[in-house]
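What follows is a set of notes on a single structure, which appears directly below.
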Number of protein chains: 2
Amino acid sequence: MRETKDRSYHHGDLRHALIDTALNMLATDQNWTFTLREVARRTGVSHAAPYKHFRDREELLRELARIGFDQLAETMTRAMFSNGLTIRERFTTGAQACIDFAFRNPGLYRLMFSADADKTADPHLHDTAMRTFHVLLQLLEEGQRDGSFRPVPISGQAGACWAQVHGLAMLAISGQLLEEKVGKEPVSAALDVLLNGLCCNT
Amino acid sequence: MRETKDRSYHHGDLRHALIDTALNMLATDQNWTFTLREVARRTGVSHAAPYKHFRDREELLRELARIGFDQLAETMTRAMFSNGLTIRERFTTGAQACIDFAFRNPGLYRLMFSADADKTADPHLHDTAMRTFHVLLQLLEEGQRDGSFRPVPISGQAGACWAQVHGLAMLAISGQLLEEKVGKEPVSAALDVLLNGLCCNT
DNA sequence: CCTCCATGTTTACAGGAGAAACTTATGAGG
DNA sequence: CCTCATAAGTTTCTCCTGTAAACATGGAGG
């Protein structure tokens, strides 16, 4: 992928190479139990090299989480702000995008919301996560302005939506949305219930 | 707590003692990064003793998760099936109970829904988790029977409720329900939104 | 009273985190 | 064009973990 030049001693862009490797391992194993040494090994450097770029293992994990929030925000934005859709459609499209993202990157998604990606320990990470949340706020504001959504405090609706979508995503990637429990199309069914509570025209 | 007799060689009930210690560490650290050796040390036995009671570290974690689901089911049942409440009240009470449980036991709650408590690896754990879910189903059925809740497929409503409550709980213990983001009473506000979508009389 | 086995302990090993000391390529200033 | 300070690698070391295997013990049943 990035193995173009077999670098001698100085790698050139080890930081990104390590991140790449770690993201791949995260995707493969669907967890972040990988060791820093293994990441170094697969990147072709000594086991101490990563410490020149990350204070410790957790700092790498936080960076991965940050990248995840960035990607998620972009994905959701693209989904929600495409033209020719009603507010309701844009909402479900955005929610689906989030859940799909989680489904395609379960390890990463889990990491993003885990305690190991401690947002209080990294303002940069915190900010990025916040920005992802704001994508949702934007849509809610728009929906209230044009009369689609009930005129109640945005914050309450935001909490409900965020919780609902995040909850669905987590349950989905944990394999807990089994048909026997929550039906065939659990996501759209659940989103319908929520939208009924959100929209004016029941 | 259980240190009554300073046992010689044979502990008497090491399994439970280990679980106790582990639960305490889980509560204290709010994570399950504790080592098995440390658990053994604090329980006053050799570092290999735990292996007589748990195949490996993960088996202990799964047992902790199982206990968590048991407690959660009991807590929610008690909250939801107390007398003199409307269906709507019983719903919010139950949801609050779940979220309170998560807030009081963040480490345990996180573990319960983490990949480390792999439900496919332990039928007993899976069953207990399932039973917790059924508490919710019961209430929904009752609500539909008495006409409080809309007569749509239960499974969709169940998914919505489960996701919403679980999502709120996770966000709450991650400190992401900040007033600036989701208002002052995020939980009840969010539950109101959901209930509007659930109930017949908007 | 003896003997067995569940439940302890000791010992051993492979591997990880991270610190410290050492090495090398690079690029900025003379 | 040299040189040398420094960023970015490597080696080596210590302490710790999970887990396996061999050994010890004491309480219950014959």
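Just so it is clear, the values below take in all heavy atoms, side chains as well, and ignore hydrogens, waters and symmetry mates. Within every chain, numbering begins at 1; the chains are lettered A, B, ... in the order of the sequence lines, protein sequences first and strands thereafter.
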Between B:G44 and A:A48, the residue closer to the 5' end of DNA chain C by nearest nucleotide is B:G44
ask   = Is there a donor on the side chain of A:R37 or the base of C:dG15 sitting less than 3.5 Å from an acceptor on the other?
value = no
[X] [atom1] to [N] [atom2]: how many Å, rounded?
X: A:D13; N: D:dA8; atom1: CG; atom2: C1'; result: 12 Å
X: A:R55; N: C:dA20; atom1: CZ; atom2: P; result: 14 Å
X: B:E59; N: D:dT19; atom1: CD; atom2: C1'; result: 14 Å
X: B:H47; N: C:dT9; atom1: NE2; atom2: C1'; result: 8 Å
X: A:L60; N: C:dG16; atom1: CG; atom2: C1'; result: 15 Å
X: A:H53; N: D:dA7; atom1: NE2; atom2: P; result: 12 Å
X: A:M25; N: C:dG16; atom1: CE; atom2: P; result: 10 Å
X: B:Y51; N: C:dA12; atom1: OH; atom2: P; result: 18 Å

B:R41 side chain N/O closer than 4.0 Å to the phosphate oxygens (OP1, OP2) of D:dT17?
yes
So, is B:S46 near the phosphate of C:dG8, with a side-chain N or O under 4.0 Å from OP1 or OP2? no
Those residues at least two apart in sequence (or on a different chain) that pass ring pair (Phe, Tyr, Trp, His ring centres under 6.0 Å) with A:F69 are A:F113
Value for CG (A:L137) from CD (A:Q157), rounded to nearest 0.5 Å, stands at 10.5 Å
Per nearest nucleotide of DNA chain D, the residue lying toward the 5' end, B:D56 or B:K52, is B:D56
Item to check | B:Y109 and B:H166 aromatic ring geometry - parallel, tilted or perpendicular at 30°/60° bounds | outcome: tilted
Any side-chain heavy atom of A:L60 within less than 4.5 Å of one from A:P50? no
